[in-house]
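First up is the structure itself, then whatever we jot down about it.
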Amino acid sequence: MQQLNRTILIVILSSLLILAQNNNGEQVVSKSDEFRHSINMCPLGIAFGVYSANYEYMITETHGIVFRLDYEDVPDTYSDAKINVNGKAAVINYRYHCDEKLGSFYLGAYGRYRIYEGEGNLNSQKFDFDIKDFTVGLNAGKKWVWDSGFNINFTLGYGYTFRDKTQSLSSTEINKSIKVFEDDYAFIDAFLGEFSIGYAF
């Protein structure tokens, strides 16, 4: 049994060495290693009313820049005022790709500008408001890229947010209703997440 385990181990190690080198001792380069662009979208976000798409460009073998646009259609169930809200965001994200290619682990920094525009009706009083925020933070993730161009990306990030709010009417009830929305709607925070699929080329 021990002999069998040693044989299996030798075969696995030999296979890894063969995959890592060609006959001339040079590193094997796959088609996906040459990709410098990717376009991605987040399919799971649609279930939450979030539509997101991004484009990444590899400036060099290690440095990438990502441009992302988000749109959120927020349900009107977050307060008694039945507030209708939509959110829009633009994100710019720098990534340092550890494996010197698009498909690799990466570390990065991001900036995000976002605005939520809402309107509601409480005690026959119509009101509207804007919540604007700007977030700067750090993130890390991994992108898997296949030779076909299909890719999967996973990112987690967090930062510091500067926020500003304006509203057309102010009263104890209206202010409380807007505050309930802010507290209950979990997407209003400094978190940055992404699970996306797309095409690389």
Side-chain angles (χ1 to χ4, degrees), residues 37-57 59 64-96 106-141 143 152-199:
H37 310 264
S38 72
I39 299 172
N40 284 53
M41 56 88 64
C42 300
L44 296 180
I46 297 173
F48 300 96
V50 180
Y51 305 87
S52 178
N54 68 73
Y55 165 72
E56 180 171 9
Y57 171 62
I59 303 169
I65 191 80
V66 182
F67 302 95
R68 170 175 154 179
L69 295 175
D70 297 344
Y71 175 81
E72 299 177 37
D73 186 14
V74 183
D76 63 355
T77 57
Y78 287 93
S79 77
D80 295 336
K82 297 296 181 183
I83 297 174
N84 293 306
V85 182
N86 65 72
K88 305 175 188 72
V91 183
I92 185 166
N93 189 354
Y94 163 77
R95 291 174 179 170
Y96 176 82
Y106 55 80
L107 303 172
Y110 69 96
R112 177 181 63 200
Y113 176 75
R114 181 170 54 182
I115 179 170
Y116 288 95
E117 298 174 313
E119 58 182 25
N121 191 323
L122 188 64
N123 299 328
S124 300
Q125 287 186 305
K126 292 184 178 181
F127 62 93
D128 57 67
F129 63 92
D130 293 338
I131 301 173
K132 303 180 182 74
D133 69 45
F134 178 70
T135 302
V136 290
L138 301 175
N139 65 99
K143 179 172 279 189
I152 298 174
N153 184 71
F154 179 73
T155 303
L156 289 176
Y158 201 80
Y160 184 80
T161 296
F162 306 87
R163 183 175 298 166
D164 181 54
K165 179 174 64 178
T166 58
Q167 58 193 77
S168 60
L169 290 176
S170 180
S171 70
T172 302
E173 293 81 6
I174 290 174
N175 295 346
K176 181 180 178 181
S177 182
I178 296 174
K179 186 67 166 61
V180 167
F181 166 75
E182 290 183 84
D183 292 342
D184 289 355
Y185 190 55
F187 286 92
I188 303 183
D189 59 20
F191 173 75
L192 178 74
E194 180 186 330
F195 177 74
S196 65
I197 61 174
Y199 178 70

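For reference, positions follow the sequence shown, starting with 1.
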- Is it true that atom NZ of Lys132 has more than 12 heavy atoms of other residues, nucleotides or ligands lying nearer than 6.0 Å? yes

- Task: Return yes when atom NZ of Lys126 has more than 12 non-hydrogen atoms of other residues, nucleotides or ligands closer than 6.0 Å, and no otherwise.
- Result: no

Once you round to the nearest 0.5 Å, how far does [atom1] of [X] lie from [atom2] of [Y]?
| X | Y | atom1 | atom2 | result |
| --- | --- | --- | --- | --- |
| Gln167 | Asp130 | CD | CG | 10.5 Å |
| Asn93 | Ile65 | CG | CD1 | 7.5 Å |
| Ile131 | Glu182 | CD1 | CD | 4.0 Å |

- Item | salt bridge (charged side-chain N to carboxylate O under 4.0 Å, His left out) partners of Asp183, counting only residues at least two apart | Lys179

Minimum heavy-atom distance between [X] and [Y], given as atom pair plus value:
| X | Y | result |
| --- | --- | --- |
| Gly157 | Asn139 | CA-CB, 3.6 Å |
| Lys88 | Tyr71 | CG-CD1, 4.0 Å |
| Lys143 | Ser38 | NZ-OG, 2.7 Å |
| Phe129 | Ile178 | CD2-CD1, 3.8 Å |
| Leu69 | Ala90 | CD2-CB, 4.0 Å |

- Task: Measure up the Phe162 and Tyr160 rings against each other and bin them: parallel (under 30°), tilted (30 to 60°), perpendicular (over 60°).
- Result: perpendicular

- Specify whether Tyr116 and Phe181 have parallel, tilted or perpendicular ring planes, treating 30° as the upper limit for parallel and 60° as the lower limit for perpendicular. perpendicular

Does the side chain of [Y] come within less than 4.5 Å of [X]'s, by heavy atoms?
| X | Y | result |
| --- | --- | --- |
| Ser177 | Ile83 | yes |
| Ile174 | Gln125 | yes |
| Asp128 | Glu117 | no |
| Glu72 | Tyr185 | yes |
| Arg114 | Asp70 | no |
| Tyr51 | Met41 | no |

Show the atom names and distances, to 0.1 Å, of all donor-acceptor pairs under 3.5 Å that link a side chain in residues 188-195 to residues at least two apart or in another chain.
unit_1: Asp189; atom_1: OD1; unit_2: Phe191; atom_2: N; d: 3.1
unit_1: Glu194; atom_1: OE2; unit_2: Asn54; atom_2: ND2; d: 3.1
unit_1: Glu194; atom_1: OE2; unit_2: Asn153; atom_2: ND2; d: 3.1
unit_1: Glu194; atom_1: OE2; unit_2: Ser196; atom_2: OG; d: 2.5

- Chi angles and distances behind the side chain to side chain contact (heavy atoms under 4.5 Å, CB included) call for Arg112, Arg68: CA-CA 9 Å; Arg112 177 181 63 200; Arg68 170 175 154 179; 5.8 Å; no

- Are the aromatic rings of Tyr94 and Tyr96 close, with centres under 6.0 Å apart? no

- Do Thr135 and Tyr110 get their side chains close enough for a donor-acceptor pair, meaning under 3.5 Å? no

- Query: Got a sec, which residues hit ring pair (Phe, Tyr, Trp, His ring centres under 6.0 Å) with Phe48, two or more places apart in sequence or on another chain?
  - Reply: none

